[in-house]
Amino acid sequence: MTDPKFMDDTVFVLPKLIEAGLREAILKVFPDVDPEVIQLQVCANPKFGDYQCTSVMAIAKKRKLNPREQAQKVLDELELSDIADEVQLAGPGFINIRLKPEAIKRALSKAAQQGGYFIQKTDSPRTAVIDFSSPNVAKPMHVGHIRSTILGDCLARVLTLLGHQVVTDNHIGDWGTQFGKLIVGWKQHLDRDALMKDALGELERLYRKVNSACDEDASVLESARKELVKLQQGDEENLSIWNEMQEVSRVQFDKVYQRLGIHFDHTLGESFYNDQLKGVVGDLTEQGIATESQGAKVVFFEDIDGLKDHPALILKSDGGANYTTTDLATIQYRVETWNPDEIIYVTDGRQQLHFKQLFEIFRRWQPDAKVELVHTWFGSILGPDGTPFKTRAGDTIKLNDLLDEAEERAFKAVTEKNPDLDSEISREIARIVGIGAVKYADLLPNRQTDYVFDWDKLLSLSGNTAPYLQYACTRIRSIFRKAALNESEFLKSLGSDAENILELDSDFEKKLVRHLLNFGLVLESVLEDQRPNYLCNYLFELAGHYTSFYENCPVLKSEGSTRNSRLILCSLTRQVLEKGLFLLGIETPEKM
RNA sequence: GCGCCCGUAGCUCAGUUGGAUAGAGCAACUGCCUUCUAAGCAGUGGGUCACAGGUUCGAUCCCUGUCGGGCGUACCA
């Protein structure tokens, strides 16, 4: 019997169909197994097949059964005759599956008609709040902010594409002790011209100046404290200074975000929660979660292994709240406002302890809240010597300067490779290539490893970089230009004939096409582990398969159905590449 | 002290519930532009996956220990 869902006309994502078939078969043999553990993998070595399933071995192992016998039982129940040529049992219990060429052609043809993304939207959409970027008003955005910003944006895009609801919220650092120092600096040393020119730079200068003065002179520190207290009590002058700082900073943040192509649904900074802090502290005290200790209000975690020696402060001995309290109020607000299934925090790994404490306190405070709290952390940015990153002068590298340099390098490359282009067009290409290179270099490493800052690496334009992927796209576009064909009209004109036209004879075509099919699988694993580097590697491999195909399978010089078949592959590849790059937040130029 | 992370090719790093022959980029070397864009392609060399045990059909991955490194750890965020 052919399962009707294999005949479904609207959905034809091969790995998902195989996975569904496997789940059905495995559940017949093991009715109580969690379907989530049944997963499909791409065969590492094509000699075994296109896909493999190792789940039965894992299940058998847990139950102390013979894995090969169990895999055979599953195989007896498995019905994939529409999709698979051979389904084989191998070794200790691998189930190897080789796709039917007709099934591949059908999947490609459907993709060509519907938009070639090879993805299946989730059937259980979730709502996720993503908290990322979060720059400080006092400080210019620097290289330390790019990971959070780019990673968070990418996760938001992937979640959205797969059918989830996403709320992005930029939790700006616009409140806190640094403002005492900033106000002292503002009142005593403000340079208006510098403020107009580079607001964040000027604020940083003021902060540094007062900060070092505080180290030398306790009376300066004292006046900073006083200014802070005045601000918190609503002093008009200080409040208006604070407001102006917010405004000039926001303008500058927005410029950077615009450059990076990043959008936030909300920008609710720490100050937004000021009037809720008392309530949080009151609740925690009343419920006996927080207790008084050394003049402060503290939550202890005696019963939790990793937190035993690390209590969390929710109210300082001077009566001020700190960021744990603000973050608690923030969770409450988000839960009440958006009712999310999860809140994802994209921050530096050094905040792991903070988030462990935060999540634990929230669970005690509101045990019935069903929201899942996730800390998606990333490694630090280090200098070439392995210490926390600074320039030789001890400054951080500003994000704007980094992006300028990236565009400048890209511009040199563009003019060198393609000197005939109009300089305005070259500038635009350089913008897309330069920014893309920075983003890609940031997303390519596993997020948890520390990141050694290196101009050349971050701005590199060859090898496994964004320009390599963009270049593949422009070559495809160029083919269609030369052929004077509009891609979507071309695909439309073929209609369902595409299935019959497709020829997948050479190994280059076969490899390319098989890789295309797995786009959706990769996106799912990106979300599972919150690791966009899977997508980077997938796209790099895809571009590699395409380039081999391009070098070995002439498109426009071939004729008839071969030519059309290859044009289809070109278009599908370009669509997946561009969609993948879009998910990384990277644009693609028409030419380069 | 406690907690988290890391140690994979000369360098920088991937490696998806444990899976079959551990992969890329850079650097080095050899070829390929009168042929759809050479920001490219094809190929060569390069490994005790820090070390020692354990778990099992199978370990870079899980457990234990050792060595080496990074980070965090009560009034910054």
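As the structure is a prediction and not an experimental result, all values here were calculated from the model. Reminder, nothing fancy here: chain letters follow the sequence lines and each chain counts from 1.
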Quick one: side-chain contact (heavy atoms from CB on, under 4.5 Å) partners of T562(A), sequence neighbours excluded? E503(A), S558(A), R566(A)
Is K308(A) touching bases, backbone alone, or none of the nucleic acid, heavy atoms closer than 4.0 Å? nothing
For Y323(A), check ring-ring contact (aromatic ring centres under 6.0 Å, His included) against everything at least two apart and list the hits. H354(A)
What protein N or O atoms touch nucleotides 55-64 of chain B N or O atoms at under 3.5 angstrom, if any, and at what distances?
from	atom 1	to	atom 2	distance (Å)
U56(B)	O4'	K61(A)	NZ	3.4
G58(B)	O6	K61(A)	NZ	3.1

Please list, by residue number, the residues of residues 319-331 of chain A whose heavy atoms come closer than 4.0 Å to an atom of RNA chain B; answer none if no residue qualifies. N322(A), Y323(A)
Under 4.0 Å, heavy atoms only, any strand: does E541(A) hit a base, just the sugar-phosphate, or nothing? nothing
Using a cut-off of strictly less than 4.0 Å between a heavy atom of the residue and any atom of RNA chain B, enumerate the qualifying residues of residues 427-434 of chain A by number. none
Can I get a per-line list of side-chain donor-acceptor pairs under 3.5 Å for residues 430-448 of chain A, giving both atom names and the distance, sequence neighbours left out?
from	atom 1	to	atom 2	distance (Å)
R431(A)	NE	E428(A)	OE1	3.1
R431(A)	NH1	E587(A)	OE2	3.1
R431(A)	NH2	E428(A)	OE2	3.0
R431(A)	NH2	E587(A)	OE1	3.2
R431(A)	NH2	E587(A)	OE2	3.4
K439(A)	NZ	L260(A)	O	2.6
K439(A)	NZ	G585(A)	O	2.7
Y440(A)	OH	N464(A)	OD1	2.6
Y440(A)	OH	C536(A)	O	3.1
D442(A)	OD1	Y451(A)	OH	3.3
N446(A)	OD1	Q448(A)	N	2.8
R447(A)	NE	Q530(A)	O	2.8
R447(A)	NH1	W377(A)	O	2.7
R447(A)	NH2	D529(A)	O	3.1

With sugar-phosphate meaning primed atoms plus P, OP1 and OP2, does R531(A) contact a base, only sugar-phosphate, or nothing at under 4.0 Å between heavy atoms? sugar-phosphate
Distance-only donor-acceptor test (3.5 Å): side chain N418(A), base A39(B): no
Listed by chain and number, what are the side-chain contact (heavy atoms from CB on, under 4.5 Å) partners of N564(A), not counting sequence neighbours? F490(A), L494(A), I501(A), L567(A)
Under 4.0 Å, counting only non-hydrogen atoms across every strand here, what does Q41(A) touch: a base, just sugar-phosphate, or nothing? base
With a 4.0 Å cut-off, would you call E416(A) and K412(A) a salt bridge? no
Under 4.0 Å between any heavy atoms, over every strand shown, what does Y534(A) touch: base, sugar-phosphate, or nothing? Just pick one. sugar-phosphate
One should report the stems of RNA chain B, each a stretch of at least three consecutive Watson-Crick or G-U pairs at distances under 3.5 Å, as B:1-7 with B:67-73, B:10-13 with B:23-26, B:28-32 with B:40-44, B:50-54 with B:62-66
All N/O donor-acceptor pairs, side-chain side in residues 44-69 of chain A, below 3.5 Å, sequence neighbours left out:
from	atom 1	to	atom 2	distance (Å)
N45(A)	OD1	K47(A)	N	3.0
D50(A)	OD1	R514(A)	NE	2.6
D50(A)	OD2	L99(A)	N	2.7
Y51(A)	OH	N518(A)	OD1	2.5
T54(A)	OG1	Q41(A)	NE2	3.2
S55(A)	OG	V37(A)	O	3.3
S55(A)	OG	Q39(A)	N	3.1
S55(A)	OG	Q39(A)	O	3.4
R63(A)	NH1	D32(A)	OD1	3.1
N66(A)	OD1	R68(A)	N	2.9
N66(A)	OD1	E69(A)	N	3.0
R68(A)	NH1	G91(A)	O	2.8

Between the base of A39(B) and the side chain of T465(A), is there a donor-acceptor distance below 3.5 Å? no
Sequence neighbours excluded, the answer for side-chain contact (heavy atoms from CB on, under 4.5 Å) partners of R475(A) is Y471(A), T547(A), Y550(A), E551(A)
Scan C553(A) against the nucleic acid and name what it touches under 4.0 Å (heavy atoms): base, sugar-phosphate only, or nothing. base
Can you measure Q178(A) atom CD to C75(B) atom P for me and round it to whole angstrom units? 16 Å
Measure the acute angle between the ring planes of H171(A) and Y273(A), then classify it against the limits of 30° and 60° as parallel, tilted or perpendicular. tilted
May I ask you to say what A90(A) touches in the nucleic acid, namely base, sugar-phosphate or nothing, with a heavy-atom cut-off under 4.0 Å? base
How would you label the contact of N537(A) with the nucleic acid (heavy atoms, under 4.0 Å): base, sugar-phosphate, or nothing? sugar-phosphate
What's the closest nucleotide to the Y550(A) side chain, out of A38(B), C2(B), A39(B)? A38(B)
Would you please name every residue forming a side-chain contact (heavy atoms from CB on, under 4.5 Å) with N170(A), sequence neighbours left out? S133(A), S134(A), P135(A), I172(A), Y257(A), F264(A), T267(A)
Would you indicate what Q52(A) reaches in the nucleic acid, counting non-hydrogen atoms under 4.0 angstrom: base, sugar-phosphate, or nothing? base
Sugar-phosphate, base or nothing in reach of S478(A), heavy atoms under 4.0 Å: base
Hey, does T54(A) reach any base, or is it just sugar-phosphate, or nothing, if we go heavy atoms under 4.0 Å? base
ring-ring contact (aromatic ring centres under 6.0 Å, His included) with Y468(A): which residues, sequence neighbours excluded? F540(A)
A20(B) base stacked by F48(A) (centroids within less than 5.5 Å, tilt under 30°): yes
Under 5.5 Å between ring centres and under 30° between planes: true for F540(A) and the base of A24(B)? no
Select base, sugar-phosphate, or nothing to describe what S548(A) touches, counting heavy atoms under 4.0 Å on all strands. sugar-phosphate
Sugar-phosphate, base or nothing in reach of V414(A), heavy atoms under 4.0 Å: base
Please state whether the base of U73(B) and the side chain of D309(A) form at least one donor-acceptor pair under 3.5 Å? no
Base C76(B) to side chain T177(A), donor-acceptor N/O within 3.5 Å cut-off: no
Within the structure shown, what part of the strands sits under 4.0 Å from S293(A) by heavy-atom distance: base, sugar-phosphate, or nothing? base
